[in-house]
**Student:** 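Just dropping this structure here.
The figures here come from the full heavy-atom set of this structure, side chains too, leaving out hydrogens, waters and symmetry mates.
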Amino acid sequence: MSPDSFTIPTFSKPDKVLTFLSSEKGNFTYGNLYGFTKWLADRTEGAHFSKKKPLLICGPSSDEIIFLVAACFLLKIPFLSVHEEFSDSDAAILKSQIDPSFIFSDEPGRFKNVFNAKRIVIEKEHLILQSEYNESLFSISGADKAAGLFLTSGSTGTPKIVPINRRQVFFATEASANNFKPGKNTYWLLCLPLNHVGGISIILRSLLYGSAIYRLDSFDTQTIRNLLSSNRDFEVASMVPTMLINLMDDTHFQTHSGFKAILLGGGPISAELIEWAVTRGIPIVTSYGMTETFAQIAANPILNPSGVYLPKNSVGHLFSPNMIQIRDDKNEPLPNRESGQIWLKGPQLFDGYMTEELNQEVFDENGWFNTGDYGYLNYRKQLYIETRRMDLIVTGGENVNPTDVEQAIETFPGISRSAVVGVQDKKWGQRVVAFYTTEMEQIDELELKSYLKEKLLSFQVPKEFIHKNDLPATSLGKIKKRELLRSYRY
């Protein structure tokens, strides 16, 4: 069935007196958001936005970015939010696919040598404007329009652009509401980056629920412990495993009795971590999702703090009305309990990458999408994830494309070849490790690490370097990364 054959979920506009956002910088209502949205509509009047001409956002987490993302959604303006360390050379790679109409950045001249786009400057007074919900200017309907664009790692070293439609946002929000819907004027803690689907999904789901966001500039462990243990206005928080581990390092940490759950995603979740949280009485919900499904598309139910979902290592059921198949290497469906590749289909799934050639590799003739992940279903249709996309490393919730790192390493004088893998790590989910061969007797690894910090984002730089006399390879010269992983000593 095509996405159009499903009934599109509908939502009501939030009352202007409800809390929209709070942070250390202030408290804002939906009336403030509507006032800002009207200002943005006036500021961008006459602009022709589309998937290829989005509003580009670049900067660290801020109230301004949350306002901007929510206002773009109300105005049906496609946006693309990139990492604060995104460089001119990174932007130049995207130029063949997008040409932003407007740019918002924490640096006024950001990307001026790449894009000829107008600039948006947001002043503090723009966040405290007031307005009613303006039916003639903006709305929360329009399922056929583009919502935003997201970057995800590609196997060629060039980022894939994932367009997300409003339809996906609507279905993802309704599915989450069936599991958990925050109350009015209660907080969803947002401490995830705002260039990932995990952070953006909190903004858009909160907008459609009419609930409130509490934003932190960064993950401050003690502040979050205090908020979740004693402030009953906080009902839910989204985190990656590393964050939860940091919270639980304090053996006295407990969430308050009215707290619903920590939604856990963004990478491998060990059975040890789940057991640790359950034993401590900290309510967590493990889930499965990706950029292409606008975050979680499967999750366990939310339970009371003392509750336990079984089996603990499952990520729960797929959200209806989406569909799942487990297939073998010949693309034949497998029965329950047999492991294979995870294929998805349904209205929460994206329609395809911006680069058409990529779609031919991942979609079959019936519209099923090959996630590249491996897992199985039990007899209750609960999903188990065994390995995530083979080429992708997820460390601390950040996606690392090994190809990008390998290409940087191999420009360092004396290194002939490298192979970058993700190894299991209790704190980070996976840790980036680089194997390399050299034409010299010895490489200064501290110098290599310093060199890579100039070329890569901080989370891409390997935490460990391992010298090898040679790297195992196939007859065609492809490095056997699984063999390297088996040789790694934890």
Side-chain angles (χ1 to χ4, degrees), residues 58 60 82-94 151-160 193 195-196 218-219 240-242 245-246 266-268 388-474 476-490:
C58 182
V82 297
H83 195 279
E84 61 188 277
E85 296 180 22
F86 209 70
S87 67
D88 277 6
S89 58
D90 295 323
I93 295 173
L94 297 181
L151 302 183
T152 187
S153 296
S155 59
T156 62
T158 302
K160 301 175 187 175
N195 63 298
H196 280 311
S218 60
F219 189 84
V240 298
T242 311
I245 290 170
N246 287 339
R388 298 300 300 259
R389 304 182 192 207
M390 295 304 293
D391 289 337
L392 193 65
I393 301 168
V394 185
T395 179
E398 298 282 3
N399 292 343
V400 175
N401 179 358
T403 304
D404 293 342
V405 185
E406 289 161 357
Q407 289 175 349
I409 291 173
E410 288 167 12
T411 63
F412 187 78
I415 289 185
S416 52
R417 200 168 189 195
S418 66
V420 173
V421 299
V423 302
Q424 290 182 353
D425 187 276
K426 179 181 176 182
K427 182 174 183 178
W428 299 100
Q430 287 180 298
R431 183 169 71 258
V432 182
V433 173
F435 295 85
Y436 69 92
T437 59
T438 177
E439 301 163 354
M440 304 167 64
E441 288 188 7
Q442 191 173 3
I443 289 289
D444 186 329
E445 292 181 357
L446 289 177
E447 187 178 332
L448 170 59
K449 198 166 189 176
S450 177
Y451 173 82
L452 294 177
K453 286 179 179 179
E454 297 294 322
K455 291 184 168 291
L456 300 170
L457 300 178
S458 55
F459 59 82
Q460 294 175 300
V461 177
K463 289 185 166 54
E464 187 176 355
F465 296 90
I466 299 174
H467 175 257
K468 290 278 189 180
N469 292 327
D470 57 78
L471 299 175
T474 66
L476 297 176
K478 184 176 181 180
I479 295 175
K480 298 178 181 179
K481 291 190 175 180
R482 288 188 179 183
E483 191 171 318
L484 286 173
L485 277 171
R486 284 195 294 269
S487 71
Y488 182 83
R489 293 184 178 181
Y490 288 84

**Student:** Quick one: closest heavy-atom pair of Glu483 and Pro472, and the distance?
**Tutor:** OE2-CB, 3.4 Å

**Student:** I'd like to know if the side chain of Glu464 reaches the main chain of Val433, judged simply by a donor and an acceptor atom lying under 3.5 Å from each other, with no hydrogens or angles considered.
**Tutor:** no

**Student:** To check you understand the geometry: which heavy-atom pair defines the closest contact between Pro462 and Leu452, and what is its length?
**Tutor:** CD-CD1, 3.9 Å

**Student:** What's the spacing between Arg417 CZ and Glu439 CD if we round to 0.5 Å?
**Tutor:** 13.0 Å

**Student:** For Thr411, which residues count as a side chain to side chain donor-acceptor pair (under 3.5 Å) partner, sequence neighbours excluded?
**Tutor:** Tyr451

**Student:** After noting the C-alpha distance and the side-chain angles of His467 and Thr438, does the key distance pass the side-chain contact (heavy atoms from CB on, under 4.5 Å) rule?
**Tutor:** CA-CA 8 Å; His467 175 257; Thr438 177; 3.2 Å; yes

**Student:** Let me confirm one number: the NE2-OG distance from His83 to Ser458, rounded to the nearest 0.5 Å.
**Tutor:** 6.0 Å

**Student:** Looking at every non-hydrogen atom in both residues, tell me the closest pair between Val420 and Ala434 and how far apart they are.
**Tutor:** CG2-CB, 4.1 Å

**Student:** Taking all non-hydrogen atoms of both residues into account, name the closest pair between Glu398 and Pro193 and its distance.
**Tutor:** OE2-CG, 3.7 Å

**Student:** Applying side chain to side chain donor-acceptor pair (under 3.5 Å), name anything that partners Thr395, two or more places apart in sequence or on another chain.
**Tutor:** none

**Student:** Rounded at 0.5 Å granularity, tell me how far CD1 in Ile479 sits from CZ in Phe435.
**Tutor:** 10.5 Å

**Student:** Could you pull out all residues at least two apart from Glu447 that satisfy side chain to side chain donor-acceptor pair (under 3.5 Å)?
**Tutor:** none

**Student:** Could you go through Asp90 and Val82, starting from their C-alpha distance and side-chain angles, then the distance that decides it, and tell me whether this counts as side-chain contact (heavy atoms from CB on, under 4.5 Å)?
**Tutor:** CA-CA 10 Å; Asp90 295 323; Val82 297; over 6 Å; no

**Student:** Shortest non-hydrogen contact from Phe459 to Val432?
**Tutor:** O-CG2, 4.1 Å

**Student:** When rounded to the nearest 0.5 angstrom, what distance separates NZ in Lys427 from CD1 in Ile245?
**Tutor:** 8.0 Å

**Student:** For Asn195 and Phe86, run side-chain contact (heavy atoms from CB on, under 4.5 Å): C-alpha distance rounded to whole Å, both residues' side-chain angles, the deciding distance at 0.1 Å, then the answer.
**Tutor:** CA-CA 10 Å; Asn195 63 298; Phe86 209 70; over 6 Å; no

**Student:** List the steps, then state whether side-chain contact (heavy atoms from CB on, under 4.5 Å) holds for Ile415 with Leu448.
**Tutor:** CA-CA 10 Å; Ile415 289 185; Leu448 170 59; 3.8 Å; yes

**Student:** Can you give me the closest heavy-atom contact between Gln430 and Asp425, atom names plus distance?
**Tutor:** C-CB, 4.1 Å

**Student:** Quick check against the 3.5 Å criterion: does Thr152 have a side-chain atom that pairs as donor or acceptor with the backbone of Lys160?
**Tutor:** no

**Student:** What's the separation between atom CD in Gln460 and atom NZ in Lys455, rounded to the nearest 0.5 Å?
**Tutor:** 12.5 Å

**Student:** So, does Thr437 use its side chain to make a donor-acceptor pair with the main chain of Asp470 at under 3.5 Å?
**Tutor:** no

**Student:** Under 4.5 Å between any side-chain heavy atoms of Ile443 and Phe412, yes or no?
**Tutor:** yes

**Student:** Can you check whether Ile466 reaches Leu484 side chain to side chain, under 4.5 Å on heavy atoms?
**Tutor:** no

**Student:** Using a strict threshold of under 4.0 Å (side-chain N to carboxylate O), is an ion pair present between Glu406 and Lys481?
**Tutor:** yes

**Student:** Just how far is it from atom CG of Asp444 to atom CZ of Phe465, taken to the nearest 0.5 Å?
**Tutor:** 11.0 Å

**Student:** Under 3.5 Å, is there a donor on one side chain and an acceptor on the other for Tyr436 and Glu445?
**Tutor:** yes

